[in-house]
Amino acid sequence: MISFVRIDDRMIHGQTVTRWALEYPCDGIIAVNDVAASNPVLKSAYKGAAPDKKIFVWTMDHFLQNQEKVLKSKTRYFLITKNPLDMKHILVDEHFVPSDVKRVIVGPCNDRPGTVKLGNNQSITQEEAQAFEDITKAGYTVEFALLKETSIGEWPKFRGQFDVH
């Protein structure tokens, strides 16, 4: 089962494991990212970030092939993608329904060329904004929060800064 859904450009790190696991039950983490899953060094580093949890770093294809097993599992997993486009693909394009979770928490998304800064360490592109709009239209609440207590708001607060439809 999925107990928490997050977009975080660092994917698995101490903040995810220690802080968010206090807020939401977690026995393991599934990180979906083709680059990390295909790089043994990155994959090993992510697995080392949470030695007391079951950690999987999967390609998108592998996740899609195993999504039903994940949902039927009694193990409580965090589902994390590195970027909003991958999460949109999972939730909207593939119609994956992550158990009873209807909230997507957006963590760090670094400043990059072509981004609009929403808050501290939270900047997004127009394409990512459209992904958030699509995720919201699919029935999810998108919240920008590095940590629960430092939430800067939900997607509707920022929508007007982008040309989304």
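What's counted below: heavy atoms across the whole structure, side chains too, no hydrogens, waters or symmetry copies. All values reported here derive from a predicted model rather than from experimental measurement.
Remark: side-chain polar atoms of Asn39 are not paired, donor with acceptor, to backbone N or O of Val35 under 3.5 angstrom. A donor-acceptor pair under 3.5 Å is formed between the side chain of Ser38 and the backbone N or O of Asp34. The backbone N or O of Phe4 sits nowhere less than 3.5 Å from a side-chain atom of Arg103 that would complete a donor-acceptor pair. No donor-acceptor distance shorter than 3.5 angstrom exists from the side chain of Glu23 to the backbone of Lys148, with no hydrogens or angles considered. No donor-acceptor pair under 3.5 Å is formed between the side chain of Glu94 and the backbone N or O of Lys88.
When all heavy atoms of Pro108 and Leu146 are compared, the closest pair comes out as N-CD2, 3.4 Å. Nearest heavy atoms, Pro98 versus Tyr140: CD-OH, 3.3 Å. Summarising the geometry of Leu42 relative to Ala36, their closest heavy-atom pair is CD1-CA, 4.0 Å, with the distance given to 0.1 Å. For Arg112 against Thr115, the heavy-atom pair with the smallest separation is O-OG1, 2.8 Å. Leu71 approaches Ser99 most closely through the heavy-atom pair CD2-N, 3.6 Å. Contact record, Phe158 with Leu118: CD2-CD2, 3.7 Å, taken as the closest heavy-atom pair.
The existence of a salt bridge linking Lys54 and Asp27 is excluded, since no basic side-chain nitrogen approaches an acidic carboxylate oxygen closer than 4.0 Å. Under a 4.0 Å N-O distance rule, the pair Arg19/Glu149 qualifies as a salt bridge. A salt bridge does not link Lys82 to Asp8: none of the charged nitrogens lies less than 4.0 Å from a carboxylate oxygen. A salt bridge between Glu143 and Arg6 is absent, with no side-chain N of the basic residue lying under 4.0 Å from a carboxylate O of the acidic one.
To the nearest 0.5 Å, the span separating OH on Tyr77 from OG1 on Thr75 amounts to 4.0 Å. Between the NZ atom of Lys69 and the CG atom of Asn66 there is a distance of 4.5 Å, given to the nearest 0.5 Å.
Between Asp9 and Asn83, the closest side-chain pair of non-hydrogen atoms is not below 4.5 Å. Side chains of Ile2 and Arg76 form no contact here, defined as non-hydrogen atoms less than 4.5 Å apart. Asn33 places a side-chain heavy atom less than 4.5 Å from the side chain of Met11. Lys117 is not listed as a side-chain neighbour of Gln122, based on a closest heavy-atom distance of 4.5 Å or more. Taking 4.5 Å as the limit, some side-chain heavy atom of Ile90 sits within range of a side-chain heavy atom of Thr81. Cys26 is listed as a side-chain neighbour of Lys53, based on a closest heavy-atom distance under 4.5 Å. Side-chain contact check for Ile80 versus Ile7: every heavy-atom pair is 4.5 Å or farther apart. By the 4.5 Å heavy-atom criterion applied to side chains, Val104 and Ile135 are counted as neighbours.
Ring centroids of Phe78 and Phe56 are separated by 6.0 Å or more, keeping the two rings apart.
In this structure, Tyr46 has no ring-ring contact (aromatic ring centres under 6.0 Å, His included) partners at least two apart in sequence or on a different chain.
Cluster membership for Val57 and Met60, using ILVMFWY side-chain heavy atoms within less than 4.5 angstrom, is not shared. Under the 4.5 Å side-chain heavy-atom criterion for grouping Ile, Leu, Val, Met, Phe, Trp and Tyr, Val70 is not connected to Met1 through any hydrophobic cluster.
Side-chain atoms of Asp134 and Gln130 form a donor-acceptor pair, as typed in the model, at a separation below 3.5 Å.
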Before you tell me yes or no, could you show the steps for Phe132 and Phe162 under ring pair (Phe, Tyr, Trp, His ring centres under 6.0 Å), namely the whole-Å CA-CA distance, both residues' side-chain angles and the distance that decides it to 0.1 Å? CA-CA 11 Å; Phe132 290 130; Phe162 301 92; 8.7 Å; no
